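Along the sequence shown, residues are numbered consecutively beginning with 1. Everything numeric in this text was worked out from a predicted model, so none of it was measured.
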Amino acid sequence: MSLTRRTLLQGLGSLPLLSSTFSVAAFAQALATPGGEIPPVLFVHGNGDHAALWMTTLWRMESNGVARGRMAAMNFTDPLARNDDAVAQTNRSSTDDQRRELAYAIKALKSETGAPRVALVGSSRGGNAIRNVVKNGGGADVSHAVLCGTPNHGVFDTDDNPGSEFNGRGAFLRGLNAGDTEVTEGTAFLTLRSDGLDKYAQPDGRLIGKPGVPTGITAEGPGLKGATNLVLGALDHREVAFHPRAFREIYKFIAGREPERIAIMPEKQVRLSGLVTGTPGGVPTNRPVSEAMVEVYRVSPDTGARIGEIVYRGQTAADGRWGPAEVDSASWLEMVLTSAGAPTTHFYRSPFPRSSEVVHLRAARPIGPADAGAGAILIMSRPRGYFGLPRDIVLLDAKEPTDVQKGVPTDAATTLRLAAGEIGRTVIGQFNEERIAARLWPASEGRIAVIELTT
């Protein structure tokens with residue numbers, strides 16, 4: 001993992017149920033730095049993910065007065081877990097790999113800010129790394145640990161695959177959960193979980209490929225003895241980290257007070273940059289891709305057609321970085337990624353309300369057998385949550401997708417395949433109140449369009 005700053009940065013419903021016996025606000029306020037300034041915050045992504053998923057959370061923190069220089073969102077080099085934690089696997093990481101990289105990122109943020117301790121916020125597997133660091137040598141550096149949808153007692157608790165990091169009976173989780181309390185003294189712990197809609201906290205194994213087989217896990221699996229455990233209602237596995245409702249609890253726990261606002265306060269002009277990463281052998285990594293071309297265009301919000309001159313064109317160097325692109329915060333954008341061995345990917349995005357250094361880009365998955373005969377391919381992707389039917393409004397080309405499972409939200413992408421005669425026309429993607437227009441591109445040229453949702 002690089003030490004550069006640019007790599008390191010990268011209606012709310014009813015009140016939640018509290019299972020702790022002490023005051024969250026009082027405890028967190030006591031740990032805040034003098035003058036009310038909260039400790040620096042390091043955001044830690046989950047399995048197969050990257051820093052960009054924290055983009056909206058970073059914007060909300062900034063909108064509440066937290067300086068950009070006191071926050072970072074890290075990228076694990078190989079974010080996907082091994083099948084067996086003890087057995088090396090190409091482009092995948094062990095729990096020890098993640099612990100070392102996280103410890104390094106904590107040290108870097110402390111050095112940059114001069115703060116004695118930092119707060120850590122993790123999504124899903126990121127919480128495993130946080131617990132590992134705090135318990136096994138890094139607790140003195142960590143004031144707060146917020147674990148969002150982390151499978152603290154496993155995705156399953158059975159005799160199958162005993163070496164899996166996600167097996168509640170495996171050595172890793174048994175070690176973390178040993179003792180009368182499952183947290184580490186001196187660090188304030190908060191867990192956030194769903195009320196039954198987390199795909200990785202289900203009693204039946206259907207969503208992990210074993211229908212009808214008990215997992216040994218319930219919706220309470222992400223909770224921890226000794227932590228403040230909050231239930232956020234009908235949010236899914238990712239939303240308990242990235243939803244505005246989750247932001248409120250993250251901020252309140254670390255700052256010891258309510259945020260002044262939940263809405264993101266826009267800047268007039270924004271600067272966008274990020275990292276281009278690859279999927280060698282089909283495995284998502286955060287390894288930089290060099291010699292990739294990134295282009296940015298303004299587009300019509302109604303048709304997705306390009307407007308005016310190109311905003312940015314640049315090729316990545318060895319560090320995989322692109323940007324900065326400068327644009328106003330009202331512009332709808334098309335970002336085109338061209339890299340060797342991958343489809344040319346046309347990303348269509350809603351306006352960016354604030355600047356960001358974690359606008360990370362990964363090419364769309366390869367065009368495969370399932371796409372045979374398609375003249376154009378369009379993917380609608382929701383990185384910060386899943387599509388929940390019938391919970392959400394999900395429409396692609398004015399139709400509800402047929403490849404999105406109903407019930408517990410489990411799908412973060414839906415694919416539309418159309419005939420060659422449709423190339424060049426506009427397709428609208430709708431997720432609740434976010435609406436994005438995209439253009440169709442010829443699959444015969446190795447091109448895929450992606451509607452990437454922000455919400």
Side-chain angles (χ1 to χ4, degrees), residues 44-49 76-103 120 122-139 145 147-184 189 191 193-194 196 198-227 229 236-238 240-241 281-285 408 410:
V44 187
H45 64 73
N47 200 37
D49 292 331
F76 286 113
T77 304
D78 295 315
L80 204 62
R82 296 173 176 179
N83 293 335
D84 186 318
D85 193 43
V87 179
Q89 209 171 349
T90 303
N91 296 322
R92 292 178 179 242
S93 57
S94 68
T95 53
D96 278 345
D97 293 333
Q98 292 224 319
R99 177 183 55 78
R100 286 191 294 268
E101 288 199 41
L102 178 54
L120 303 180
S123 168
S124 191
R125 188 191 184 203
N128 283 353
I130 289 172
R131 294 185 68 198
N132 201 3
V133 161
V134 172
K135 183 164 186 174
N136 296 310
L147 314 178
C148 310
T150 296
N152 287 311
H153 296 93
V155 174
F156 56 96
D157 186 341
T158 69
D159 292 331
D160 292 341
N161 196 3
S164 171
E165 173 182 342
F166 304 116
N167 189 344
R169 296 187 190 181
F172 175 71
L173 286 178
R174 281 192 292 105
L176 290 182
N177 295 329
D180 295 332
T181 181
E182 296 171 336
V183 301
T184 303
F189 275 80
T191 73
R193 71 167 177 89
S194 170
D198 187 332
K199 65 184 289 188
Y200 296 118
Q202 295 293 319
D204 184 89
R206 178 179 66 87
L207 297 180
I208 58 173
K210 295 185 177 183
V213 177
T215 64
I217 300 298
T218 70
E220 298 179 357
L224 286 175
K225 290 184 294 184
N229 298 297
D236 64 45
H237 178 69
R238 287 189 173 181
V240 294
V283 179
T285 76
V408 175
T410 186

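A distance-only check finds no donor-acceptor pair linking the side chain of Glu182 to the backbone of Ala178 [under 3.5 Å]. Checked by atom type and distance alone, the side chain of Asn132 never pairs as donor or acceptor with a backbone atom of Ala129 at under 3.5 Å. A distance-only check finds no donor-acceptor pair linking the side chain of Thr285 to the backbone of Asp78 [under 3.5 Å]. The backbone N or O of Val283 lies less than 3.5 Å from no partner atom in the side chain of Arg92, so there is not a single donor-acceptor pair. Ser164 contributes no side-chain N or O that, together with a main-chain N or O of Asp84, makes up a donor-acceptor pair within less than 3.5 Å. Here the side chain of His153 pairs no donor or acceptor atom with the backbone of Ile217 at under 3.5 angstrom. Asn47 places a side-chain N or O within donor-acceptor distance of the main-chain N or O of Ala81, the cut-off being under 3.5 Å.
For Tyr200, the OH atom sits in a loose shell: 12 or fewer heavy atoms of surrounding residues, nucleotides or ligands are nearer than 6.0 Å. Residue Lys210 qualifies as open at atom NZ: its count of foreign heavy atoms under 6.0 Å is 12 or below.
Just one of Val240, Asn152, Leu120, Asn229 meets the side chain to side chain contact (heavy atoms under 4.5 Å, CB included) condition when paired with Leu147; it is Asn152. Of the residues Asn128, Thr95, Asn83, the one that meets the side-chain hydrogen bond (donor to acceptor under 3.5 Å, both in side chains) test with Glu165 is Asn128.
Proximity of Thr150 to Pro222: side-chain heavy atoms (C-beta onward) are nowhere separated by under 4.5 Å. Leu176 places a side-chain heavy atom less than 4.5 Å from the side chain of Lys135. Val213 has its side chain out of reach of Phe156: every pair of non-hydrogen atoms, C-beta onward, lies at least 4.5 Å apart.
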Evaluate side-chain contact (heavy atoms from CB on, under 4.5 Å) for Asp198 paired with Arg193, printing each intermediate quantity in order.
-> CA-CA 8 Å; Asp198 187 332; Arg193 71 167 177 89; 5.8 Å; no

Trace of the salt bridge (charged side-chain N to carboxylate O under 4.0 Å, His left out) decision for Arg99 with Asp96 = CA-CA 5 Å; Arg99 177 183 55 78; Asp96 278 345; 3.7 Å; yes

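Atom OG1 of Thr215 and atom CG of Asp160 lie 11.5 Å apart (nearest 0.5 Å).
Ionic pairing of Arg169 and Asp157 is present here: one or more N-O contacts between side-chain nitrogen and carboxylate oxygen are shorter than 4.0 angstrom.
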